[in-house]
Amino acid sequence: MSVTEKIDGVAVSTKANVYFDGKCVSHGIRFADGTQKSVGVILPALLTFNTGAPEIMEGVAGSCRVRLKGENEWKNYAAGESFNVPGNSSFDIEVAGEPYHYICHFG
């Protein structure tokens with residue numbers, strides 16, 4: 001499994017997106033072709049995120065467990081692993097211990 005370490009040729013939003021009283025902080029990035037992603041970190045917490053567009057969450061460091069909307073089972077993810085979330089949906093994510101660093105690929 002590989003982990004994205006560097007992203008070339010992008011514009012980065014310098015203002016952070018802060019969610020859940022600072023438990024999740026991310027920065028938006030835009031590629032020349034209009035593709036958007038966000039790069040962020042989730043501190044230890046149990047959170048629920050809603051999605052508009054489909055998302056692929058790529059773990060860069062740390063680990064989490066995730067439960068997609070409509071599912072009962074939690075699944076564990078570590079650095080180098082990713083999970084897909086449908087558009088117009090939601091997912092629960094639990095981070096325990098060290099922070100979970102991620103790249104969110106939209107669309």
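What you see is a predicted model; the values in this text were computed from it and never measured.
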Asks: Taking all non-hydrogen atoms of both residues, which atom of Pro44 and which atom of Gly97 are closest, and how far apart?
Replies: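 In terms of heavy atoms, the two residues are closest at CG-O, 2.8 Å.
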Asks: Indicate if Met57 and Phe20 have the same hydrophobic cluster label, given that clusters are the connected sets of ILVMFWY residues with side-chain heavy-atom separations under 4.5 angstrom.
Replies: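 Yes, because Met57 and Phe20 connect within a single hydrophobic cluster, where side-chain heavy atoms sit under 4.5 Å apart.
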Asks: Verify, without hydrogens or angle tests, whether Thr51 (side chain) and Ser89 (backbone) share a donor-acceptor contact under 3.5 angstrom.
Replies: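 Side chain of Thr51 to backbone of Ser89, a donor-acceptor pair under 3.5 Å: yes, one is there.
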Asks: If you measure from CD on Glu81 to OG on Ser63, what distance do you get to the nearest 0.5 Å?
Replies: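 Glu81 CD to Ser63 OG: 9.5 Å, rounded to 0.5 Å.
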Asks: In Å and rounded to the nearest 0.5 Å, what is the CD1 to NZ distance from Ile103 to Lys37?
Replies: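 Atom-to-atom, Ile103:CD1 and Lys37:NZ are 8.0 Å apart.
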Asks: With a 4.5 Å cut-off on side-chain heavy-atom distances among I, L, V, M, F, W and Y, is there a chain of contacts connecting Val12 to Tyr19?
Replies: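 Cluster IDs for Val12 and Tyr19 differ.
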Asks: Tell me the closest heavy-atom pair linking Gly62 and Tyr100, and the distance in Å.
Replies: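 Smallest interatomic distance, heavy atoms only, reads C-CD1, 4.1 Å.
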Asks: Check the hydrophobic clustering (I, L, V, M, F, W, Y; side-chain heavy atoms under 4.5 Å; chains of links allowed) and say if Val60 and Tyr77 are grouped together.
Replies: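 No, Val60 and Tyr77 fall in different hydrophobic clusters.
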Asks: About how many Å separate CD of Glu55 and CZ of Phe106, when rounded to the nearest 0.5 Å?
Replies: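 Output value for this atom pair is 5.0 Å.
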Asks: Measuring from His101:NE2 to Ser26:OG, what's the distance to the nearest 0.5 Å?
Replies: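 Rounded to the nearest 0.5 Å, the NE2-OG separation comes to 13.0 Å.
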Asks: Is there side-chain contact between Val85 and Leu68, with at least one heavy-atom pair below 4.5 Å?
Replies: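 A side-chain contact under 4.5 Å exists here.
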Asks: Could you tell me which non-hydrogen atom of Asn72 sits nearest to which non-hydrogen atom of Arg67, and how far apart they are?
Replies: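 Looking at all heavy atoms of both residues, the closest pair is O-CD, 3.7 Å.
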Asks: Please answer whether the main-chain N or O of Ser13 pairs with a side-chain N or O of His27 as donor and acceptor at a distance below 3.5 Å.
Replies: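 Between the backbone of Ser13 and the side chain of His27 there is a qualifying donor-acceptor contact (under 3.5 Å).
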Asks: For this output row, return yes or no: ring centroids of Phe83 and Phe91 closer than 6.0 angstrom.
Replies: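 Yes - the distance between ring centres of Phe83 and Phe91 falls below the 6.0 Å cut-off.
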Asks: Looking at every heavy atom in both Gly22 and Leu43, which two are closest together, and how far apart are they?
Replies: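 Taking every non-hydrogen atom into account, O-CD1, 3.6 Å.
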Asks: In Å, rounded to the nearest 0.5 Å, how long is the span from OG of Ser82 to OH of Tyr102?
Replies: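 Ser82 OG to Tyr102 OH: 15.0 Å, rounded to 0.5 Å.
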Asks: What's the separation between atom CD in Gln36 and atom SG in Cys104, rounded to the nearest 0.5 Å?
Replies: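 Interatomic distance, Gln36 CD to Cys104 SG, rounded to 0.5 Å: 10.5 Å.
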Asks: On a heavy-atom basis, which atom in Val41 and which in Pro99 lie closest, and how many Å separate them?
Replies: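 Scanning both residues completely, I find the closest heavy atoms to be CG2-CB, 3.5 Å.
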Asks: Could you walk me through whether His105 and Glu58 pass side-chain hydrogen bond (donor to acceptor under 3.5 Å, both in side chains), step by step?
Replies: CA-CA 8 Å; His105 305 264; Glu58 175 189 350; 2.8 Å; yes
Asks: Indicate yes or no: at least one non-hydrogen side-chain atom of Asn84 is less than 4.5 angstrom from one of Pro86.
Replies: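 Answer no - side chains too far apart.
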Asks: Report yes if the side chains of Ile42 and Leu47 come closer than 4.5 Å at any heavy-atom pair, otherwise no.
Replies: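 Sidechains of Leu47 and Ile42: in contact.
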Asks: What residues, two or more places apart in sequence or in another chain, satisfy salt bridge (charged side-chain N to carboxylate O under 4.0 Å, His left out) together with Asp33?
Replies: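 Not a single residue meets the salt bridge (charged side-chain N to carboxylate O under 4.0 Å, His left out) criterion with Asp33.
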Asks: Please find the pair of heavy atoms, one from Cys24 and one from Phe49, that lie closest to each other, and give the distance.
Replies: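 Smallest heavy-atom distance, with atoms named: SG-CZ, 3.8 Å.
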Asks: Could you walk me through whether Asp92 and Trp74 satisfy the side chain to side chain contact (heavy atoms under 4.5 Å, CB included) test, starting with their C-alpha distance in whole Å, then the side-chain angles of each, then the deciding distance to 0.1 Å, before giving a yes or no?
Replies: CA-CA 9 Å; Asp92 300 320; Trp74 289 85; 3.6 Å; yes
Asks: Give the C-alpha distance, both sets of side-chain angles, the deciding distance and a yes or no for side chain to side chain contact (heavy atoms under 4.5 Å, CB included) between Val39 and Ile29.
Replies: CA-CA 8 Å; Val39 176; Ile29 57 177; 3.9 Å; yes
